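Heads up: the structure comes next, in structure tokens.
Please read all numbers here as calculations on a predicted model, not as lab measurements.
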Amino acid sequence: MKSPLASLLWRSLRVYQVFGANTDVGKTIFATLLARTAKKLWKDENVAFLKPVSTGPDDEADDRYDCSLNKPDLAPQFKSNFIEQTSIASGRPIPSEDEILAKCRAFAAQCATRNGWLFMETAGGVHSPGPSGKTQAGLYIPLRAPSLIVGDSRLGGISQTISAFESLRIRGYDVESVLLFKDDRYENYRYLEEYFRKQHGVPVTSLLPPPKKHDNPEQDAEAMENYYRRKDLAEITGQVLETLDRNHAARIRNLDTMATRASKHIWYPFTQQSLVGPKDIMTIDSAHGDYFQTLAPPTSTSAPSPDTPVLRSSFDASASWWTQGLGHSNPKLTMAAAYAAGRYGHVMFASAVHQPAMALAETLLDGIQNPRLSRVFYSDNGSTGIEVAIKMGLRAARKRYGWDTTQKLGILGLKGSYHGDTMGAMDCAEPGIYNEKIEWYQGKGHWLDYPTVLCRDGKWSVSAPDGLRESLGPGRTYASLREIFDVAGREANGEHEAYKTYVTSTLRRLKSQGRKFGALMLEPVVLGAGGMQFVDPLFQRTLVNTVRESSHLFGESALSADEAQDPNEWTGLPVVFDEVFTGLYRLGRFTPSSFLGVHPDISVHAKLLTGGLVPLCTTLASENIFKIFLSPDKTDALLHGHSYTAHPIGCQVALESVKEMQDMENRGEWDWAKAQGWTQQHSGQSEAQIDVWSTWPRGFVERLSRQTGKVAGVWALGSVLAIHLRDEAGAGYSSNAALGLRESLSLGRADGEGGPWNVHSRVLGNVLYVMASQVTSETSVRQLSELLMESLAGKK
């Protein structure tokens, strides 16, 4: 199985990608000059040239510009024509992108066995298509070689060259030099030298153009050879090479020292830095798709070997703290951000509107299909979005029940909940490791215990915590995860009755104590930072329904569901769903509330909202919640906001992200995952329960759960896999039980066609989770599954 592709970086080999601002601008001539000069000046080093793909017919190939260098036999030298008849006639199959990139890396790895240079020339202009139709600028992103642009010296060439630079820059390429021919007629080089120096600090080098092509091949070859031997050209290209050599050394030096510098100056989140040294800090050079490109650790205590890859691919198993959904450096999201930045920058939002914010609001309200929700409030991250939701819920409850502003109100929630790190959000969670040492923390609420779902020894079960087994029963085993999500069927069988009795008795006890509450706040289905606890969906459904039916237990001015004139008006307490982590397809659906069959009055969305590119959060609310704040008095308004509220860049990126995930669902791009043992339908299940699936194969998940000596239980849903490790000292955030597995995954594999790779994962106490993105391939899932099984079995 092919391994993930690591970027091209060796200490011994300076690799440079040569792009053209257009076709026929002299890429091969410049690459030849650079290669021949490098071979002359760095006499003892290997110099190689590679053109992975060439376009057009064979008689228009670049043979007249041959570098005349010793090329290893491994060179792919693919030639692909984009006219189908020509491809068929040539008898040469068109390679896939993965094949091209893998062979490029293999070629570079062979070159890296000696100190030297490698110049890789692209085909046509930066947006000339490759074999699959992806443009040259998109095709080579995973290799992330520093780049040279050969500019266009012809009429219109200034525009072409600047456009080429911007196209590469916006895709994350480091353009280190612009090269072009001098043309006394247009003198593009004069303008471009000044432009790039002032605007970007990129040097521009201009050379005399080559001789015009002779009809006689021998005369043509002789003229080109004389051109290549010109001393003035060698001097100029030598200066370019010296700059490139310094840049290469500086890049390596920066990577080697960054962790040490960071340990001196960076204050890290969620990190006890007394336990973290430079060797524990991951240095990220770039990211693409599901993978970081990270500094590979030394293989020994001695100096790194020059031919050892500097970088390795690291699977981003936390999805960069649950934000990454459409792949790092996703070009669609990048373009959306650039478009909004160019059109708006940032514009203030109070009593104003712009197209990205309007379109995103309508898209979310339409996609979530919640008849209760009609309003969208923008903020900048999940924690502040929760703060907004708290203000909405508390105000609605206070006015409904006639409490004055001195009345202390709490939140009803679940034990282990986590809603963010701002003060109000922290107060919505019970005392714990995240908040109890914070000086201003005042937990305001009551948090119920709950039954959880795990796959143990190949069997899916729902079990209650020790303190609730007497009232809720010892738990039950189910044939599949799908049966557990058949909440309507289970409710019809009376399984919810014990839950309802437990919730009702708790509410009555709290009322007798004089406690008052302003909202029910839940993370639907899964409690994330609280330890990846998978809550029985029937319990959460019952909790919501019971709270809504129990208005008399919350205040004197009770409004029952039967008395409400609007069927979507909240009763009991406003129900807030914190979907920051679980929303927007993380668990396989647009909203996890659909698993429960209930609609919240307020819901909060972040993380996958922007595909991990920029911060943004939306708090969606019902119309009757919104009307609570209407008054002639401005001080009655929801006085909450941020300088960057509804910033156009975030809204445009979010709009692109949400629509892309909706399109992926409509195109059936997750059908391969749904077919991995998750699609069997059991008797009594409705059509609504069919769509319960995971990126992780059911058979693999159940095999993991049979590692009973090490594993207490496993669950998988949507893109998330959570492995609960056994810890005799007790589970929880302070447990170290998962650290060994995390370390084994971090070692990864040193071999493979694509270079070394590993898994960068995070643990929550005794729980190690691995989170795919919404674009993770079936191949990557298989690779990760194999590595996980090997690591658990102790083979790593």
Side-chain angles (χ1 to χ4, degrees), residues 268-271 318 321-323 376-398 408-448 450 516-533 535 540 573-584 586 592-593 600-610 615-621 625 629 638-646 650 733 764:
Y268 283 106
F270 287 105
T271 301
S318 71
W321 267 347
W322 317 344
T323 64
V376 177
F377 192 99
Y378 286 102
S379 60
D380 59 347
N381 61 61
S383 183
T384 54
I386 289 293
E387 298 262 355
V388 173
I390 296 168
K391 290 182 177 181
M392 291 176 176
L394 297 186
R395 179 73 61 84
R398 180 175 67 81
K408 291 184 178 180
L409 303 181
I411 294 292
L412 271 181
L414 299 183
K415 288 186 175 182
S417 296
Y418 169 88
H419 302 291
D421 298 316
T422 52
M423 295 305 301
M426 281 197 299
D427 283 354
C428 291
E430 67 174 333
I433 192 167
Y434 294 115
N435 54 33
E436 59 188 353
K437 290 189 177 181
I438 302 300
E439 285 71 15
W440 275 14
Y441 169 71
Q442 296 180 2
K444 302 181 178 75
H446 179 83
W447 299 275
L448 291 83
Y450 48 87
K516 289 183 168 53
F517 298 92
L520 170 64
M521 182 176 290
L522 300 176
E523 296 172 79
V525 184
V526 176
L527 275 62
M532 289 294 167
Q533 299 297 321
V535 185
Q540 288 193 327
L573 293 176
V575 175
V576 179
F577 275 9
D578 175 355
E579 299 190 26
V580 170
F581 165 50
T582 58
L584 298 174
R586 180 65 77 196
S593 64
D601 304 293
I602 302 169
S603 65
V604 185
H605 306 266
K607 301 293 187 185
L608 284 178
L609 182 62
T610 62
L616 188 73
C617 184
T618 58
T619 302
L620 280 58
I625 294 285
F629 291 85
L638 178 55
L639 299 179
H640 193 109
H642 306 274
S643 298
Y644 285 88
T645 293
Y733 194 86
L764 292 164

For [X] and [Y], indicate whether the former's side chain and the latter's backbone hold a donor-acceptor pair under 3.5 Å.
{"X": "Asn435", "Y": "Glu430", "value": "yes"}
{"X": "Glu579", "Y": "Ser603", "value": "no"}
{"X": "Gln533", "Y": "Ser417", "value": "no"}
{"X": "Asp578", "Y": "Glu523", "value": "no"}
{"X": "Thr271", "Y": "Pro269", "value": "yes"}
{"X": "Ser383", "Y": "Thr422", "value": "yes"}

If you look at every heavy atom in [X] and [Y], which pair is closest and at what distance?
{"X": "Gly528", "Y": "Trp322", "answer": "C-CH2, 3.6 Å"}
{"X": "Val580", "Y": "Lys607", "answer": "O-CG, 2.7 Å"}
{"X": "Ala425", "Y": "Ile386", "answer": "CB-CG2, 4.1 Å"}
{"X": "Pro600", "Y": "Ser593", "answer": "CD-CB, 4.1 Å"}
{"X": "Tyr441", "Y": "Ala429", "answer": "OH-O, 2.5 Å"}
{"X": "Trp447", "Y": "Pro431", "answer": "CZ3-CD, 4.3 Å"}

Note, [X] side chain near [Y] side chain (heavy atom, < 4.5 Å):
{"X": "Arg395", "Y": "Leu638", "value": "no"}
{"X": "Ile438", "Y": "Met423", "value": "yes"}
{"X": "Thr582", "Y": "Val525", "value": "no"}
{"X": "Cys617", "Y": "Val604", "value": "yes"}
{"X": "Phe577", "Y": "Gln540", "value": "no"}

[atom1] of [X] to [atom2] of [Y]: how many Å apart, nearest 0.5 Å?
{"X": "Leu764", "Y": "Ile433", "atom1": "CG", "atom2": "CD1", "answer": "10.5 Å"}
{"X": "Thr645", "Y": "Leu616", "atom1": "OG1", "atom2": "CG", "answer": "9.5 Å"}
{"X": "Leu620", "Y": "Asp601", "atom1": "CG", "atom2": "CG", "answer": "12.0 Å"}
{"X": "Glu436", "Y": "Met426", "atom1": "CD", "atom2": "CE", "answer": "12.0 Å"}
{"X": "Leu409", "Y": "Lys516", "atom1": "CG", "atom2": "NZ", "answer": "8.5 Å"}
{"X": "Thr619", "Y": "Ile602", "atom1": "OG1", "atom2": "CD1", "answer": "8.5 Å"}

Return the orientation label for the Tyr418 and Tyr434 ring planes: parallel under 30°, perpendicular over 60°, tilted otherwise.
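Ring orientation of Tyr418 relative to Tyr434: tilted.
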Is the ring pair His640/Phe377 parallel, tilted or perpendicular, if the boundaries are 30 and 60 degrees?
perpendicular
Does CD in Gln442 sit with more than 12 non-hydrogen atoms of other residues, nucleotides or ligands closer than 6.0 Å?
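Count not over threshold, so no.
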Mind checking side chain to side chain contact (heavy atoms under 4.5 Å, CB included) for Tyr644 and listing every partner two or more places apart, or none if nothing turns up?
His346, His647
Looking at residues at least two apart in the chain, or sitting in another chain, which of them share a side chain to side chain contact (heavy atoms under 4.5 Å, CB included) with Ala519?
Ile411, Val576
Partners of Tyr450 by ring pair (Phe, Tyr, Trp, His ring centres under 6.0 Å), sequence neighbours excluded?
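Here no residue qualifies.
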